[in-house]
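What follows is a set of notes on a single structure, which appears directly below.
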Amino acid sequence: MGAIVNKRSKLFKELSNNEMNSLISNNFTSNTEIIESKILVGGLFNTTYFFQLAKPSKKIVCRLSPINSELLYNFEKCMMSHEQKLYELL
């Protein structure tokens with residue numbers, strides 16, 4: 001799966017293979033194939049995955065929000081809610 005993630009984290013949640021397959025098939029097509037998946041390290045709040053797909057052939061980064069958002073400070077919640085808009089501008 002890649003890097004080791006703190007299993008006792010109250011913010012991060014590692015996805016199971018079934019959850020990854022559902023995530024990809026819900027956002028692409030049910031016959032999309034995952035060639036590679038791994039957790040990327042470096043974020044403080046989100047769990048970030050790299051996926052290499054076939055059909056369609058794509059490399060994507062998927063950032064999942066914290067599982068217990070009530071543990072975040074208000075400015076962190078606000079910052080993360082604007083992240084999608086920032087990526088659209090880039």
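Here, residue 1 is the first one in the sequence, and each next residue gets the next number. Just the heavy atoms: all of them, side chains too, but no hydrogens, waters or symmetry mates, feed the values below.
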Of all residues at least two apart in sequence or in a different chain, which pass the side-chain hydrogen bond (donor to acceptor under 3.5 Å, both in side chains) check with Glu19? Lys13, Ser16
What pair of heavy atoms forms the shortest contact from Glu14 to Ile39, and how long is it? CG-CD1, 3.6 Å
Of all heavy-atom pairs linking Thr32 and Ala54, the shortest is CG2-O, 3.8 Å
Distance from Ile35 atom CD1 to Lys55 atom NZ, nearest 0.5 Å? 9.5 Å
For residues Ile34 and Leu53, determine if any side-chain heavy atom of one lies less than 4.5 Å from a side-chain heavy atom of the other. yes
Mind checking whether Tyr49 and Leu23 have side chains closer than 4.5 Å, heavy atoms only? no
Below 4.5 Å, heavy atoms only, C-beta onward: do Ile24 and Ile60 meet side chain to side chain? yes
Cys62 side, atom SG; Asn27 side, atom CG - distance, nearest 0.5 Å: 7.5 Å
How long is the span from the OG atom in Ser22 to the CG atom in Leu15, to the nearest 0.5 Å? 9.5 Å
Which heavy atom in Ser25 sits nearest to a heavy atom in Ser30, and how many Å separate them? CB-CA, 3.8 Å
